[in-house]
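What follows is one structure encoded as structure tokens, with my remarks underneath.
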Amino acid sequence: MYALEEKNLLLEPRQFETAQKKLLEWYEVCGRHELPWRLSEDVYHVYVSEIMLQQTQVNRVMQEYYPQFLEKFPTLKALSEADEAEVLAAWSGLGYYSRARNLHATAKLCPQTLPQTLDELLKLPGIGPYTASAICSFAYNQQVGVVDTNIERVIKRFFALSQPSVNKVNAEAGGFVNAEQPRAHNLALMDLGSLVCLPNNPKCEECPLAFSCDGKNEPEFYTKKEKKVYENLELFYGVCEKNEKIALVKSSARMYKGMLELPNVEPLEEDFIAAFKHSYTKYRLTVKLYKTDDVEGEVFWYNHEEIQNAPISSLTRKAFGALQKAQR
DNA sequence: GTCCTGAAGG
DNA sequence: CCTTCAGGAC
């Protein structure tokens, strides 16, 4: 079915030249040219930024993580020579820690530079279809389609695709790429999705592609979201304090592999200290802290000062905050 | 279907 | 306060 559509696409190529031209003119004026990772075409800079930007918003990456990370690990080589714990500490609070572990693993596999083809990039840990194409487009200026969620939304609306397959969206995005300026084309589409072709109430009156957008009369029809189901959970952590230092252990949770956290305990009401909320994916957590005396296994001692640079999640960071507040 | 978080919204 | 949103790899 899709093969047939793609065949038709090849037999009767659409004329995109005007749309491509208007898109680049808009980008010239309205694009986010000052984003730090766009000021460089160094493949390492592009790579680090794309991994950080996976599932994470531009402002946090730009202000709290990207510059600090490059300061600490200025090159792929430097990153490859670092300890995983250092890399996780630089990632602390950003979430999706497998990104940091995979980034480090890829640096060890390619300490000099990254490969220059989609196929080779896709073999590396943590690099999927989006990131491979982003590197090829933004670092190497290759003529490849790049489809992140912003561009996906633009493509679905522009071509009026209702619930298309991933392949269909990729094929349309790929066919639309400007052969002369693939990098600028993809960055422009990304900014258009982020600034104009918004999920709700898109600003079609400002859009350079509105003149030939097939979906502009009902833009939200093509990008409906499904509603989510949540699950509530309670977690219990122990606070073992000696000489102003608090005991941490290596996390047994897969998602926090390699990171430190408070030890789990059985709740005893008389030892209750504090509680706070946290959430991830579909889970809504109520986290409760209890005083405890002994901790099994390998223990790492941290005071409130030292914890700032430790490989811990936001959940653990919140626990230290709740603890300090309860002790005042 | 799993992995994370802070900002924005009601 | 609680809920929703934004953002790709495996």
Side-chain angles (χ1 to χ4, degrees), chain A residues 32 35 37 46-66 88-106 118 121-138 144-156 166 169-170 173 186 189-191 193-202 220 223-233 235 251-259 261 275-287 311-321:
Chain A
R32 297 175 293 181
L35 293 177
W37 43 87
V46 170
Y47 172 46
V48 169
S49 71
E50 290 302 338
I51 299 296
M52 285 191 173
L53 289 164
Q54 287 172 11
Q55 308 299 97
T56 307
Q57 292 178 318
V58 166
N59 282 337
R60 288 192 68 225
V61 168
M62 187 166 61
Q63 294 162 13
E64 302 171 48
Y65 290 92
Y66 181 75
L88 287 171
W91 211 268
S92 173
L94 198 54
Y96 293 112
Y97 299 96
S98 62
R99 294 183 296 170
R101 294 191 295 267
N102 286 333
L103 182 70
H104 187 226
T106 287
L118 278 179
L121 286 164
L122 282 168
K123 293 177 186 167
L124 297 168
I127 298 184
Y130 166 74
T131 306
S133 64
I135 290 170
C136 285
S137 175
F138 303 152
V144 297
V146 176
V147 182
D148 73 338
T149 56
N150 283 306
I151 295 182
E152 178 183 7
R153 190 169 56 249
V154 174
I155 295 294
K156 282 181 177 174
V166 171
V169 175
N170 289 342
N186 286 317
L189 275 184
M190 212 169 256
D191 285 0
S194 173
L195 303 172
V196 175
C197 194
L198 303 172
N200 304 307
N201 307 311
E220 295 178 29
T223 54
K224 281 185 274 203
K225 311 145 202 160
E226 51 214 86
K227 71 171 180 188
K228 292 165 187 168
V229 179
Y230 297 107
E231 190 176 328
N232 295 310
L233 281 184
L235 293 184
S251 176
S252 53
R254 235 197 324 275
M255 67 181 178
Y256 292 138
K257 185 178 185 313
M259 308 190 73
E261 64 182 13
F276 60 93
K277 305 277 188 188
H278 190 73
S279 62
Y280 68 89
T281 321
K282 65 175 185 173
Y283 299 101
R284 298 297 170 264
L285 311 178
T286 300
V287 183
I312 58 170
S313 68
S314 284
L315 192 164
T316 304
R317 204 173 287 281
K318 276 188 200 174
F320 271 76

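Keep in mind that the numbers below use all heavy atoms, side chains included, and drop hydrogens, waters and symmetry copies. In what follows, every chain begins at residue 1, and chains take the letters A, B, ... in the order their sequences are listed.
Atom P of nucleotide C:dA9 and atom CG of A:Leu94 are separated by 15 Å, given to the nearest angstrom. One interatomic measurement links the two molecules: CZ of A:Arg254 to C1' of B:dG1, which rounds to 12 Å at whole-angstrom precision. Residue A:Gln54 contributes atom CD, which lies 16 Å from atom P of B:dT5 at whole-angstrom precision. One interatomic measurement links the two molecules: OH of A:Tyr280 to C1' of B:dT2, which rounds to 9 Å at whole-angstrom precision. Atom CG in A:Asn59 sits about 19 Å away from atom P in B:dT5, given to the nearest Å. The distance from atom CG of A:Asp148 to atom C1' of C:dA6 is 11 Å, rounded to the nearest whole Å. Summarising the geometry, the separation between CD on A:Gln55 and C1' on C:dG8 is reported as 4 Å, rounded to the nearest angstrom. Protein atom CE of A:Met190 is 16 Å distant from nucleotide atom P of C:dA6, rounded to whole Å.
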For nucleotides 6-10 of chain B, list the nitrogen or oxygen atoms of the protein found under 3.5 Å from its nitrogen or oxygen atoms, one pair per line.
from  : atom 1 : to       : atom 2 : distance (Å)
B:dG6 : OP1    : A:Ser314 : OG     : 3.1

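Side-chain proximity of A:Tyr96 to the nucleotides C:dG7, C:dA9, C:dA6 is greatest for C:dG7. Distances from the side chain of A:Thr131 to the nucleotides C:dG8, C:dA6, B:dC3 place C:dG8 closest. When distances are taken from the side chain of A:Tyr256 to each of B:dC3, C:dC10, B:dT5, the shortest belongs to B:dT5.
When the side-chain hydrogen bond (donor to acceptor under 3.5 Å, both in side chains) test is applied to A:Thr281, no partner is found at least two apart in sequence or on another chain.
The two residues A:Val146 and A:Ser133 make their nearest non-hydrogen contact at CG2-O, 3.6 Å. The two residues A:Arg32 and A:Ser194 have their closest heavy-atom pair at NH1-OG, 3.2 Å. Scanning all heavy atoms of the two residues, the minimum distance from A:Lys277 to A:Thr286 falls at NZ-OG1, 3.3 Å. The shortest non-hydrogen separation linking A:Ala173 to A:Val147 is CB-CG2, 3.6 Å.
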Audit row: A:Val58, A:Trp37, side-chain contact (heavy atoms from CB on, under 4.5 Å) steps and yes/no: CA-CA 11 Å; A:Val58 166; A:Trp37 43 87; 4.1 Å; yes
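In terms of position on DNA chain B, the residue among A:Lys282 and A:Leu315 whose nearest nucleotide sits closer to the 5' end is A:Lys282. Residue order along DNA chain C, read from the 5' end via each residue's closest nucleotide, puts A:Thr56 first among A:Thr56 and A:Leu124.
At the heavy-atom level, A:Tyr130 lies under 4.0 Å from the strands shown only through sugar-phosphate atoms. Among the protein residues, A:Arg284 comes within range of the nucleic acid bases, having at least one heavy atom under 4.0 Å from a base atom.
If you check the side chains of A:Thr131 and A:Glu50, you find no donor sitting under 3.5 Å from an acceptor.
Look at A:Thr149 and you'll find a side-chain N or O under 4.0 angstrom from OP1 or OP2 of C:dG8.
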